[in-house]
Amino acid sequence: MLSRKNKLLALKIISLFSVVRGYNIPIIILAQYLSAIFILAPEIRALDILLDFNLFLIVFASSVTIASGYIINNFYDSRKDLINRPNKSMLDRLISQSTKLKVYFALNFIVALIALFISWRAFLFFSVYIFLIWFYSHKIKKQPWIGNLMAALLAVLPFFAILLYYYTRLPLYEIETYKRQFAVISAHAAFLFLLLLIREMIKDLENIKGDLTDNYKTIPIIYGERFSKKVISFLSLLTLFPIYLLIEIYDVGYMDIYFYFCLITLIFFIKYLWKSNSKAHFLLLHNVLKFLIVAGVFCIMLINPSILWHGKKLFMSI
């Protein structure tokens, strides 16, 4: 039997795990590595990417920065979350606000040290990234339009850290050769950005009650629920453009199956959106989008499944 002290410690660890959303971190790490192997640097051998120590440090620093971002976001949203997510909020409150701040600063200090070890560019990138996350949580999040746009942008930025890592080392004369690859990367980024933006706007519909309490000026609060649905429907239709590019213009291997699935899902998503009028309905739509985003991470491997087969053969030969 655990003592009362050990039980409290275990609960606090679980609480901290909830605050940093530890269940999201492995998905973010996997997404960065798969993006590097299949999208950002397909010309480099997969094993070399996995064994690249500097890349590991960038992925680790990105993950720690995102975890610290969840902490500062939780710190500022504590009152709102009591209404929107009462069960999670009660668990998160086992960690005091002062402890959250101490962990937040400690994590950011670790990121700064890691970034300095990598390069001055990495240090500059992560310094700006940390500041933007804080600025978003403290000021921008309560504003309509720019709050949603910045939330989606901050979610995509870790992938640009890896992009910069590979492409800042390219000589100028080789950049022309990679123009088509840049276009493919941009199409993937645009699609992900739109999904994340739609998700942020669904969250605003889902959390209206808590946002009103904490004086958030979100789109559904200022312009109304109907207007918000129109914007979400328009953004959903905008995803057709990157989907068309990735299916018809560029070669994404078997990942086009995923994009066809997204297309069908988003059609039903829009239809259900206009029938939704409660928190439970919007929560379902939110979870559908989360599923599409997480499924997209695993489906990156469909771009070139032969890499997995070669990796399996290499592993079996060891």
Side-chain angles (χ1 to χ4, degrees), residues 21 24 27-36 38-40 62-63 65-66 69-70 73 125 128-129 132-133 135-137 140-141 143-167 181-206 218-219 228-250 252 255-256 258-263 265-267 269-270 273 285-300 303:
R21 300 188 194 180
N24 283 346
I27 297 295
I28 292 165
I29 293 169
L30 181 65
Q32 288 180 292
Y33 269 113
L34 291 179
S35 296
F38 293 93
I39 301 173
L40 302 175
S62 298
S63 303
T65 304
I66 291 165
Y70 284 136
N73 193 55
F125 176 88
V128 171
Y129 190 34
L132 287 176
I133 290 174
F135 190 57
Y136 163 76
S137 300
I140 302 299
K141 191 175 183 180
Q143 305 305 316
W145 302 110
I146 189 170
N148 299 106
L149 289 166
M150 195 166 177
L153 179 64
L154 289 172
V156 174
L157 270 181
F159 300 97
F160 281 95
I162 302 173
L163 181 68
L164 289 170
Y165 173 65
Y166 284 117
Y167 290 102
Q181 195 166 313
F182 288 145
V184 176
I185 293 166
S186 299
H188 277 280
F191 177 73
L192 177 59
F193 177 80
L194 286 169
L195 276 189
L196 290 165
L197 185 54
I198 295 165
R199 179 171 166 259
E200 288 301 318
M201 296 195 69
I202 288 290
K203 279 166 66 179
D204 286 344
L205 287 168
E206 183 187 339
T218 60
I219 291 169
S228 192
K229 287 180 179 180
K230 286 180 181 178
V231 176
I232 292 168
S233 299
F234 175 70
L235 291 172
S236 300
L237 291 173
L238 273 185
T239 61
L240 290 172
F241 182 63
I243 286 175
Y244 171 76
L245 290 176
L246 290 165
I247 290 175
E248 297 295 333
I249 307 299
Y250 304 122
V252 291
M255 197 181 178
D256 56 4
Y258 166 75
F259 290 115
Y260 280 122
F261 175 76
C262 285
L263 188 60
T265 304
L266 286 170
I267 290 168
F269 173 88
I270 295 171
L273 171 68
L285 290 170
H286 181 188
N287 287 331
V288 168
L289 290 170
K290 279 171 72 174
F291 172 76
L292 288 181
I293 292 166
V294 174
V297 171
F298 290 96
C299 287
I300 290 172
I303 293 174

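Ile162 is not listed as a side-chain neighbour of Tyr33, based on a closest heavy-atom distance of 4.5 Å or more. Counting only heavy atoms from C-beta outward, the side chains of Tyr136 and Asn73 approach each other to under 4.5 Å. Here the side chains of Leu205 and Ile232 are in contact, with some heavy-atom distance below 4.5 Å. A 4.5 Å side-chain heavy-atom check between Phe159 and Leu192 finds at least one atom pair inside the cut-off. Put simply, the side chain of Tyr165 does not reach to within 4.5 Å of the side chain of Leu40, judged on heavy atoms. At a threshold of 4.5 Å between non-hydrogen side-chain atoms, the residues Leu197 and Leu149 count as touching. Side chains of Pro158 and Tyr129 form a contact here, defined as non-hydrogen atoms less than 4.5 Å apart. Two residues are said to be in side-chain contact when any heavy atoms from C-beta on lie closer than 4.5 Å; Ile247 and Tyr258 fail this criterion.
Other residues, nucleotides and ligands contribute at most 12 non-hydrogen atoms within 6.0 Å of the CD1 atom of Ile146. Around CZ of Phe160, the count of heavy atoms belonging to other residues, nucleotides or ligands within 6.0 Å does not exceed 12.
Ring geometry, Phe191 versus Phe259: the interplanar angle exceeds 60°, so the pair is classed perpendicular (tilted spans 30 to 60°).
Minimum interatomic distance between Gly69 and Ser137 (heavy atoms only, all atoms of both residues): O-OG, 4.5 Å. Looking at every heavy atom in both residues, Leu246 comes nearest to Val252 through O-CG2, 3.1 Å. Considering all non-hydrogen atoms of both residues, Met201 and Ser228 come closest at CE-OG, 4.0 Å. Heavy atoms only, all atoms of each residue included: Met255 and Gly296 are closest at CE-O, 3.8 Å. When every heavy atom of Phe193 is checked against every heavy atom of Leu153, the shortest pair comes out as CE1-N, 3.7 Å. Residues Ala152 and Glu200 approach most closely at N-CG, 4.5 Å, considering heavy atoms.
With rounding to the nearest 0.5 Å, the separation of CG in Leu266 from OG1 in Thr239 is 4.5 Å. To the nearest 0.5 angstrom, Cys299 atom SG is 10.5 Å from Asp256 atom CG. Residue His188 holds its NE2 atom at 4.0 Å from CD1 of Ile39, rounded to the nearest 0.5 Å. Within the model, atoms CG of Leu292 and SG of Cys262 stand 4.5 Å from one another, a figure rounded to the nearest 0.5 Å. Arg21 contributes atom CZ, which lies 10.0 Å from atom CD1 of Ile28 (distance to the nearest 0.5 angstrom). Taken to the nearest 0.5 Å, the CG atom of Leu132 stands 7.0 Å off from the CG atom of Leu157.
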>> Evaluate Val231 against Trp145 for side chain to side chain contact (heavy atoms under 4.5 Å, CB included), listing each step before the verdict.
In response: CA-CA 11 Å; Val231 176; Trp145 302 110; 3.9 Å; yes

>> Quick one, Leu273 with Ile202, criterion side chain to side chain contact (heavy atoms under 4.5 Å, CB included). Give me CA distance, side-chain angles, the key distance, then yes/no.
In response: CA-CA 9 Å; Leu273 171 68; Ile202 288 290; 3.9 Å; yes

>> Could you walk me through whether Phe241 and Leu194 satisfy the side chain to side chain contact (heavy atoms under 4.5 Å, CB included) test, starting with their C-alpha distance in whole Å, then the side-chain angles of each, then the deciding distance to 0.1 Å, before giving a yes or no?
In response: CA-CA 11 Å; Phe241 182 63; Leu194 286 169; over 6 Å; no

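Note on Glu206 versus Lys203: no salt bridge recorded, every NZ/NE/NH1/NH2 to OD/OE distance being 4.0 Å or above.
Distance alone, capped at 3.5 Å, places no donor-acceptor pair between the Tyr244 side chain and the Ile249 backbone.
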